[in-house]
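Quick caveat, the model's predicted, so the values are computed rather than measured.
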There are 2 protein chains.
Amino acid sequence: MDSTDAITVVDAPVVCRISPTVDLLFSRWTTPILWTLHRSGRLRFGELERRLGTITPKVLTERLRQLERDGLVRRQYFPEVPPRVEYEITDLGESLSPVFAALADWTDDHLPAVEQARSAYNGPLPR
Amino acid sequence: MDSTDAITVVDAPVVCRISPTVDLLFSRWTTPILWTLHRSGRLRFGELERRLGTITPKVLTERLRQLERDGLVRRQYFPEVPPRVEYEITDLGESLSPVFAALADWTDDHLPAVEQARSAYNGPLPR
DNA sequence: CTGGATCCAGACGGATACTG
DNA sequence: CAGTATCCGTCTGGATCCAG
């Protein structure tokens, strides 16, 4: 395992090594999904949909498939009538809790300052 | 501080309170920009552009304006010829370091497991 | 109940060229 | 040097309907 070489021959040096993780975790719905499953434990599809409020079943399925593929969520199918499917966080998913805790702490401590800065901003308006 | 009410009358309960922060921090380029400024300190526009590699000036300007508006980055303009502009992280931006540290730790410890799960996945292929 | 199939809209970002 | 101005492609996500 001696990757002791000081010289990397990679043409495109990795600017920011957390970017792959960011792509994994933070899109419109993945964060709320992980957050909800983390807090509520195992949930059925419909129950999850209800708690997320405005998500559509199509999008919920897409995001759940992605999270399942990436090993963060486990899907369990029960061949009953009517069918039942339950989702829960995996151990790998649970390992994210320090990340979410850090985000929650920062949100509590500093989000108001952001809102204040935003309303005080006088420069060229973005977006 | 007695928010002891068990009943919340809010129609749209906040599903995930970190979502506003997520919107603030994690888009295609905001994370690399903050990461770079955090590690390298004060940088000129062109230098930042060079370090980010493939970003275009238009997008870099857009993201920097947004970060400036939100109080995470400070822009300093020097009316010289040729003009010089320098960017740096604000104290509010620096307060994000625990968040990025948690993300970096998780990336080092668990990203390989994600890649392994992904390659082992046999279900319906998303994306 | 749990989705899959379609179609669609808007946002974000990339490419290129130009300017104070 | 540090952006702006245009144009355009892609991708996520929303709406709706349908099916096992």
Side-chain angles (χ1 to χ4, degrees), chain A residues 12 15-16 19-20 22-34 36-37 42-70 73-88 123-127, chain B residues 12 15-16 19-20 22-34 36-37 42-70 73-88 123-127:
Chain A
V15 184
C16 173
S19 286
V22 168
D23 292 342
L24 229 55
L25 301 181
F26 306 114
S27 68
R28 175 74 180 83
W29 285 109
T30 48
T31 313
I33 289 171
L34 288 172
T36 302
L37 286 178
R42 167 180 290 251
L43 287 177
R44 297 185 59 168
F45 184 89
E47 180 64 13
L48 189 52
E49 183 181 8
R50 221 177 45 74
R51 302 205 186 196
L52 292 171
T54 62
I55 196 172
T56 62
K58 173 205 157 198
V59 173
L60 179 54
T61 301
E62 286 173 355
R63 297 285 73 107
L64 283 171
R65 285 289 186 281
Q66 172 197 338
L67 292 170
E68 186 195 3
R69 182 200 59 181
D70 293 340
V73 159
R74 178 166 36 250
R75 175 182 188 271
Q76 196 167 3
Y77 172 74
F78 299 90
E80 310 168 352
V81 278
R84 177 165 58 103
V85 178
E86 292 181 355
Y87 293 90
E88 65 181 345
L125 295 184
R127 311 237 173 191
Chain B
V15 185
C16 174
S19 286
V22 168
D23 292 342
L24 228 57
L25 301 180
F26 306 113
S27 68
R28 174 75 179 81
W29 285 109
T30 48
T31 312
I33 289 172
L34 288 172
T36 303
L37 286 178
R42 166 181 289 252
L43 288 176
R44 298 184 59 166
F45 183 90
E47 181 63 13
L48 189 50
E49 183 181 9
R50 222 176 44 74
R51 301 204 186 197
L52 291 171
T54 62
I55 196 172
T56 62
K58 173 205 156 197
V59 173
L60 180 53
T61 301
E62 286 173 354
R63 296 281 74 81
L64 283 171
R65 287 286 187 283
Q66 172 198 337
L67 292 170
E68 186 195 2
R69 183 201 58 181
D70 293 341
V73 159
R74 178 166 35 250
R75 175 183 188 271
Q76 196 168 2
Y77 172 75
F78 300 89
E80 311 168 352
V81 278
R84 177 166 56 105
V85 177
E86 292 181 355
Y87 293 91
E88 66 181 345
L125 296 184
R127 315 235 173 193

Choosing from [options], which nucleotide comes nearest the side chain of [X]?
| X | options | answer |
| --- | --- | --- |
| B/Arg75 | C/dG3, D/dG14, D/dA2 | D/dA2 |
| A/Arg65 | D/dT4, C/dG3, C/dG13 | C/dG3 |
| A/Phe45 | C/dG13, C/dT2, D/dG14 | C/dT2 |
| B/Val85 | D/dG3, C/dA15, C/dT2 | D/dG3 |
| A/Arg63 | D/dC1, D/dG13, C/dG13 | D/dG13 |
| A/Arg28 | C/dC1, D/dG13, C/dG14 | D/dG13 |
| A/Thr61 | D/dG13, C/dG3, D/dG3 | C/dG3 |
| A/Thr56 | C/dG13, D/dG3, D/dG14 | D/dG14 |

Could you grab the distance from atom CZ of B/Arg44 to atom CZ of B/Arg50, nearest 0.5 Å is fine?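 Here the interatomic distance stands at 12.0 Å.
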With a cut-off of less than 4.0 Å, is there a side-chain N or O of [X] near OP1 or OP2 of [N]?
| X | N | result |
| --- | --- | --- |
| A/Tyr77 | C/dC1 | no |
| B/Arg44 | D/dA2 | yes |
| A/Ser27 | D/dG13 | yes |
| B/Trp29 | C/dG14 | yes |

Given atom [atom1] of [X] and atom [atom2] of [N], what is their separation to the nearest angstrom?
| X | N | atom1 | atom2 | result |
| --- | --- | --- | --- | --- |
| B/Gln76 | D/dA2 | CD | C1' | 15 Å |
| A/Leu64 | C/dT2 | CG | P | 11 Å |
| A/Phe78 | C/dG3 | CZ | C1' | 17 Å |
| A/Glu80 | C/dG3 | CD | C1' | 16 Å |
| B/Leu43 | D/dA2 | CG | P | 11 Å |
| A/Leu60 | D/dT12 | CG | P | 16 Å |
| B/Gln66 | D/dG3 | CD | P | 16 Å |
| A/Glu62 | D/dT12 | CD | P | 9 Å |

Compare every heavy atom of A/Ser27 with every heavy atom of A/Arg63, then report the nearest pair and how far apart it is.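 What the structure gives for the nearest pair is CD-OG, 3.9 Å.
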Verify side-chain contact (heavy atoms from CB on, under 4.5 Å) between A/Ile33 and A/Leu60, making sure each step is shown before the conclusion. CA-CA 9 Å; A/Ile33 289 171; A/Leu60 179 54; 3.8 Å; yes
Under 4.5 Å between any side-chain heavy atoms of A/Trp29 and A/Thr54, yes or no?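 The answer is yes; the side chains approach within 4.5 Å.
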By nearest heavy atom, map A/Pro57 and A/Thr30 onto DNA chain D; which one lands nearer the 5' end?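 Looking at the nearest nucleotide for each, A/Thr30 comes out on the 5' side.
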Derivation of the side-chain contact (heavy atoms from CB on, under 4.5 Å) call for B/Glu88 and B/Glu86: CA-CA 7 Å; B/Glu88 66 181 345; B/Glu86 292 181 355; over 6 Å; no
Could you tell me how the ring of B/Tyr87 sits relative to the ring of B/Phe45: parallel (under 30°), tilted (30 to 60°) or perpendicular (over 60°)?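 B/Tyr87 vs B/Phe45 ring planes: tilted.
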Whichever of A/Pro83 and A/Lys58 has its nearest DNA chain C nucleotide further upstream toward 5':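 The residue whose closest nucleotide sits nearer the 5' end is A/Pro83.
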